[in-house]
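Every chain is numbered from 1, with letters handed out A, B, ... down the list of sequences. All figures in this text were calculated on a predicted structure; none of them were measured in a lab.
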There are 2 protein chains.
Amino acid sequence: MYYMSAAFDLPQIEPDGFERADAARNRERILCAARRLFDERGAGCVSMDEIAEAAGVGKGTLFRRFGSRASLAAAVLSERERDLQEAIIRGEPPLGPGAPACERLIAFGEALLDMLDTHSELLLAAETGPARFEHPAYRVHRLHVVLLLAEADPDCDSEMLAETLLAALGAELFIYLRRARGISLARLKEAWREQISRTLVAAEPV
Amino acid sequence: MYYMSAAFDLPQIEPDGFERADAARNRERILCAARRLFDERGAGCVSMDEIAEAAGVGKGTLFRRFGSRASLAAAVLSERERDLQEAIIRGEPPLGPGAPACERLIAFGEALLDMLDTHSELLLAAETGPARFEHPAYRVHRLHVVLLLAEADPDCDSEMLAETLLAALGAELFIYLRRARGISLARLKEAWREQISRTLVAAEPV
DNA sequence: CACCCAATCGGACCATGGTCCGGTTAGTAA
DNA sequence: TTACTAACCGGACCATGGTCCGATTGGGTG
């Protein structure tokens with residue numbers, strides 16, 4: 001564990017201090033309805049009005065609690081994201097600590113690609129809007145990649161490289177490559193592996 | 001010139017065969033108004049209704065001619081895009097033919113970053129929607145990068161690498177890095193250079 | 001138990017991207 | 001010149017993400 005996990009926790013779905021009983025009940029209802037509808041019909045085919053109605057809640061409540069469609073999608077995804085972060089921080093190598101940085105990077109990308117493969121639409125919804133790069137989940141991924149890059153090659157501009165490498169794992173590109181181009185998940189993983197090893201090979205003494 | 005330019009021309013703003021006089025006049029009016037409004041107030045702050053009104057044209061006409069907001073933005077950008085393609089196909093090295101593939105790749109990314117620096121909002125508007133990757137301009141960029149990668153390193157998966165490298169030049173990321181993070185254009189170019197040389201260094205016999 | 005206030009609720013409302021179709025007009029042929 | 005038709009025009013209309021504010025209610029306090 002080379003950084004404290006506490007500082008980079010998930011977005012707080014749980015409220016700050018106190019929460020009124022009706023508010024808590026509505027939050028749960030909304031998340032439950034959203035989860036169900038997204039799952040049933042695909043995240044792209046569910047409107048916010050429908051979610052509000054299914055949750056038995058007004059539209060105002062829905063938006064006050066979750067701010068935006070993207071934010072709601074992120075909240076629905078938070079459980080999976082939590083699992084991923086857990087695996088990164090305390091899980092088995094190569095995703096977790098213990099393996100060389102290069103292998104951890106490859107494992108991280110593969111894990112993200114797996115997540116994209118099962119939740120691409122939800123991730124796409126979560127990635128819309130300019131707040132995307134400020135979202136806690138993205139920050140965690142970025143920091144993780146930055147630190148691994150710096151560890152693997154102290155000479156590289158890890159901050160910039162992390163940003164551009166993560167761009168390759170965006171949901172929009174993923175969906176296009178898989179659906180429109182018919183590229184397999186395996187090939188995407190292979191490409192990620194190739195890109196990481198090419199990026200880091202310079203650091204290894206030949 | 002290692003590929004025929006004709007096959008990869010710009011999206012046809014010019015109509016197929018014949019165009020009625022009123023249609024031609026309206027197309028010109030729309031493009032002119034859009035150019036002016038985008039320029040005056042930033043592409044993000046102009047609605048389609050405003051463009052239609054400024055052009056003295058109904059909303060239906062606007063959408064029939066250009067299909068979508070993204071498509072209109074792309075049409076407004078087409079002149080710059082044409083210049084870029086001209087420079088790539090027939091211009092001076094290293095952007096044009098003649099330089100080593102690696103240097104041409106670096107020059108291409110820098111040219112795109114320059115374009116982003118002056119037209120980021122317009123490019124952002126043009127990049128919204130799933131049609132983004134099917135747009136003729138993107139196809140040209142992709143093909144260019146694919147061919148240069150294959151030339152520089154025949155062993156690489158040039159198709160996939162091109163896609164992920166181009167993701168690093170997306171307008172959304174660019175705007176975030178420049179505005180929210182305050183990263184200079186020079187550093188972005190430097191990062192692109194680093195990423196390309198790292199990606200291709202493996203091909204050079206050490 | 002009664003009171004009070006702040007937090008919450010919810011639906012009416014708005015802006016905007018995009019669609020549709022009845023009316024109009026440009027170009028053609030006689 | 002006139003008649004005809006296909007293309008075009010434009011504004012009413014729709015769906016949806018997001019905002020606002022008056023009404024409501026939870027829960028602490030005397």
Query raised in the report: Using a cut-off of 4.0 Å on non-hydrogen atoms, how would the nucleic acid contact of R69(A) be classed: base, sugar-phosphate, or nothing?
Result: sugar-phosphate
Query raised in the report: Contact class for T61(B) vs. all strands (heavy atom < 4.0 Å): base, sugar-phosphate, or nothing?
Result: base
**Report entry** Presence of N26(B) side-chain N/O under 4.0 Å of dC8(D) phosphate oxygens OP1/OP2
**Finding:** no
How many whole angstroms separate atom [atom1] of [X] from atom [atom2] of [N]?
| X | N | atom1 | atom2 | answer |
| --- | --- | --- | --- | --- |
| M48(B) | dG11(D) | CE | P | 16 Å |
| K59(A) | dG17(D) | NZ | C1' | 6 Å |
| F66(B) | dT19(C) | CZ | C1' | 18 Å |
| F63(B) | dT16(C) | CZ | P | 12 Å |
| R65(B) | dC20(C) | CZ | P | 19 Å |
| L62(B) | dC8(D) | CG | C1' | 14 Å |
| R25(B) | dA26(C) | CZ | P | 8 Å |
| I51(B) | dG18(C) | CD1 | C1' | 14 Å |

Query - Beyond-backbone contact of E190(B) with R193(B), side-chain heavy atoms, under 4.5 angstrom - result: yes
Report task. Using heavy atoms to find the nearest nucleotide of DNA chain D for E50(A) and R64(A) separately, return the residue whose nucleotide is more 5′. Result -> E50(A)
Report task. Select from R20(B) and G56(B) the residue whose nearest nucleotide in DNA chain D is closer to the 5' end of that strand. Result -> R20(B)
Report task. Take atom CD of E92(A) as the centre, draw a 6.0 Å sphere, and report whether it contains more than 12 heavy atoms from other residues, nucleotides or ligands. Result -> no
Query raised in the report: Taking for each residue the nucleotide of DNA chain C with the nearest heavy atom, is it A70(B) or D22(B) whose nucleotide lies nearer the 5' end?
Result: A70(B)
Report task. Using modelled atom types only, decide if a donor and an acceptor are shared between the side chain of R104(A) and the backbone of G96(A) within a distance under 3.5 Å. Result -> yes
Query - Test of ring centre spacing under 6.0 Å for F38(A) and H119(A) - result: no
**Report entry** Salt bridge present between E163(B) and R181(A) (N-O < 4.0 angstrom)
**Finding:** yes
Report task. Just compare dA26(C), dC8(D), dG18(C) and give me whichever is closest to any side-chain atom of S68(B). Result -> dG18(C)
